[in-house]
Amino acid sequence: MTPFGAFRTAKGELTPGGVSIRAVAERAGTPFYIYDAAVMRRQYARLSGAMPSAVSIHFSVKSNPNICVARVFKNIGAGVEVASEGELRLAFDAGFAPEKIIFAGPGKNEKEIRLAVRKRIGCINVESEAELDRVLNCVGSRRGSKTANPARIAFRINPSFGVHGETIMIGGPRKFGLDDDVVERVARKALSDGRLDVMGFHCFAGTQILNWRTLTGVYEGFARWAVESAGRLDFNVRLLNFGGGLGISFSDKEQELDVDALGAGMKRITARLARSSHFRAAKFIVEPGRYLTGPSGVYVSAVTDIKTSRGVEYVITDGGIHHALLPIALNKNYPTAIVNKMNRKPAGEYVIAGPLCASPDQFSRKTLLPQPQIGDLVGVFNSGAYGYSAGMLFFLSRKTPAEVLVDDGKAWIIRKPFRPGHGLDKPVRCG
Ligand SMILES: Cc1ncc(COP(=O)(O)O)c(C=O)c1O
């Protein structure tokens with residue numbers, strides 16, 4: 001399905017969830033992000049339908065850290081993966097049961113670990129030996145003493161095998177996880193300590209991976225390593241977290257991720273694991289972000305100017321890369337359309353550029369568009385993941401975009417726009 005195909009249109013106007021985009025623009029003001037909860041649920045259902053029942057899906061909050069978005073996933077039974085104190089608190093506030101929360105990410109500080117330990121979340125993914133020591137510090141009681149509520153942990157591994165791709169995070173030297181030739185020594189320390197509930201292992205291959213073979217290859221390599229490692233440690237694994245990274249296609253030329261093939265691969269792998277004596281009680285997790293939220297979102301801005309420069313036609317909008325940095329960071333031509341003219345034929349090729357005094361502030365290079373007019377609404381599709389939170393919201397002190405969620409035929413502002421301040425009028429002495 002093309003990114004446009006995820007949404008309905010009526011009389012040429014994009015109507016996410018049946019709601020008029022023009023009406024939303026009037027109420028919320030431009031620019032804004034709009035997310036369709038039905039598309040999120042559809043993505044979740046698609047993935048959970050393909051995966052074996054032993055695999056649970058944890059929504060990676062960093063892809064879209066809005067509490068109302070997190071609630072969409074909580075309400076359909078997903079778990080959640082967080083990577084900071086702020087995301088951890090968001091998960092609690094959204095109502096996720098603590099045991100459904102996984103805490104990953106390098107360099108966790110003692111304050112956030114203490115919170116995770118106190119709340120007895122599902123798993124803290126330990127990424128280094130120093131981090132293990134910090135967790136032990138937070139557990140409180142002394143080595144060798146049994147605690148009633150030991151902290152649940154897993155070890156994130158950096159396997160020695162790598163894979164090819166643009167955004168791979170395993171193999172070679174990495175800041176993520178423990179190298180696979182080190183992890184067993186650190187795991188032994190945790191297992192012999194007695195104050196921790198060591199659940200298993202975690203491996204996150206990278207992000208925006210479209211090829212199911214690449215993902216399945218990583219899952220297979222990780223599972224193989226885990227079986228050998230559990231054997232050497234004589235350790236019963238109860239949790240194997242295969243990570244996220246499931247990609248979405250940005251154009252008709254990119255082949256969509258074959259989720260059925262991925263699910264079939266996972267079925268083979270988990271069935272094999274179930275026959276291994278150290279995995280009898282194992283549960284499995286995947287923790288995608290972009291796959292669940294990316295297709296649900298559109299970044300909408302209004303056309304403020306149209307000009308020609310030496311034969312190139314520019315459409316200038318009131319939104320730009322300060323709100324939507326990833327199109328240039330990923331170097332992708334995000335699918336773009338004039339969302340109040342979805343039924344008009346292309347009139348020519350245009351460069352869509354934002355209002356920033358920065359040359360990279362261009363969404364798309366030469367996009368076919370119908371004849372644009374000032375006041376038209378330009379939509380950048382596939383913007384539901386790593387959009388709002390991955391921008392440079394304070395750059396040039398422009399108003400931030402609103403976030404809007406449509407669900408069940410209604411649109412809700414789920415984050416109000418605000419104007420970035422300009423620092424403290426009265427500086428606070430700190431040295
Ligand atoms: C540990 C971890 N889990 C999950 C994700 C989500 O990745 P994606 O949105 O590519 O699925 C990330 C992204 O960086 C991550 O670092």
Side-chain angles (χ1 to χ4, degrees), residues 35 37 40-49 51-105 108-109 111-127 131 135 138-140 147-156 195-202 204 236-244 246 266 270 281-289 291-293 296 385 389 405 407 414:
Y35 316 117
M40 295 178 197
R41 286 193 285 266
R42 189 200 66 201
Q43 292 293 97
Y44 179 87
R46 177 90 187 80
L47 185 59
S48 62
M51 285 285 165
S53 55
V55 175
S56 55
I57 298 173
H58 280 52
F59 162 54
S60 182
V61 160
K62 64 175 76 65
S63 73
N64 191 325
N66 187 297
I67 189 166
C68 298
V69 169
R71 280 196 191 116
V72 170
F73 292 106
K74 190 220 92 181
N75 290 342
I76 51 178
V80 66
E81 179 265 332
V82 303
S84 69
E85 182 188 343
E87 290 188 355
L88 191 51
R89 290 188 186 280
L90 183 155
F92 294 138
D93 292 347
F96 284 95
E99 61 271 19
K100 287 200 148 193
I101 304 174
I102 303 279
F103 189 7
K108 297 176 205 64
N109 66 40
K111 185 163 172 252
E112 51 200 2
I113 293 174
R114 207 171 283 285
L115 177 65
V117 169
R118 183 161 54 80
K119 295 278 194 177
R120 284 220 81 218
I121 68 162
C123 192
I124 302 170
N125 291 342
V126 171
E127 308 234 359
E131 198 169 279
V135 176
C138 295
V139 171
T147 50
N149 292 321
R152 290 187 275 243
I153 65 158
F155 290 100
R156 177 171 179 174
R195 287 174 292 171
L196 300 172
D197 183 359
V198 184
M199 311 272 293
F201 302 107
H202 170 225
F204 177 82
N236 288 331
V237 172
R238 280 173 296 130
L239 188 68
L240 209 57
N241 181 342
F242 290 89
L246 285 68
M266 190 62 114
T270 52
K283 293 206 168 97
F284 309 105
I285 283 180
V286 288
E287 47 179 22
Y291 182 83
L292 297 178
T293 53
S296 76
S389 66
L405 181 71
D407 199 4
I414 56 171

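Computed from a predicted structure; not experimentally measured.
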Which atom names give the shortest non-hydrogen contact between [X] and [Y], and what distance separates them?
X    : Y    : result
I113 : C138 : CG2-SG, 3.7 Å
V69  : Y35  : CG2-CD1, 4.1 Å
E131 : N125 : OE2-O, 3.4 Å
L196 : V135 : CD2-CG1, 3.8 Å
R238 : V198 : NH2-O, 3.5 Å
F103 : K108 : O-CE, 3.5 Å

With rounding to the nearest 0.5 Å, note down the distance linking [atom1] in [X] to [atom2] in [Y].
X    : Y    : atom1 : atom2 : result
F59  : M40  : CZ    : CE    : 7.0 Å
N66  : T293 : CG    : OG1   : 11.0 Å
R156 : I102 : CZ    : CD1   : 12.5 Å
S84  : E112 : OG    : CD    : 6.5 Å
Y44  : F73  : OH    : CZ    : 9.0 Å
C68  : D407 : SG    : CG    : 10.5 Å

Open item on the list: Let's go through I101 and L88 carefully: what are the C-alpha distance in whole Å and the side-chain angles of both, what is the deciding distance for side chain to side chain contact (heavy atoms under 4.5 Å, CB included) to 0.1 Å, and is it a yes or a no?
Closed with: CA-CA 8 Å; I101 304 174; L88 191 51; 3.8 Å; yes
Open item on the list: Let's go through I57 and L292 carefully: what are the C-alpha distance in whole Å and the side-chain angles of both, what is the deciding distance for side chain to side chain contact (heavy atoms under 4.5 Å, CB included) to 0.1 Å, and is it a yes or a no?
Closed with: CA-CA 10 Å; I57 298 173; L292 297 178; 4.2 Å; yes
With a 4.5 Å limit on heavy-atom distance, are the side chains of [X] and [Y] in contact?
X    : Y    : answer
V82  : I121 : no
F242 : M266 : yes
D197 : I153 : no
M199 : K283 : no
R41  : V72  : yes
S389 : N64  : no
L246 : L47  : yes
V286 : H58  : no

Could you list the donor-acceptor pairs under 3.5 angstrom formed between side-chain atoms of residues 89-99 and any protein atom two or more places apart in sequence or on another chain?
from	atom 1	to	atom 2	distance (Å)
R89	NE	E85	OE2	2.8
R89	NH2	E85	OE2	3.0

- [ ] If a pair satisfies salt bridge (charged side-chain N to carboxylate O under 4.0 Å, His left out) and one of its residues is in residues 69-78, list it, with sequence neighbours excluded.
- [x] none
TODO: Using a strict 4.0 Å threshold on nitrogen-to-oxygen distance, state whether K62 and E87 make a salt bridge.
DONE: no
TODO: Ignoring hydrogens and angles, tell me if any N or O in the side chain of R120 forms a donor-acceptor pair with the backbone of P150 under 3.5 Å.
DONE: yes
Open item on the list: For a quick check under 3.5 Å, do S60 and E81 share a side-chain donor-acceptor pair by atom type?
Closed with: yes
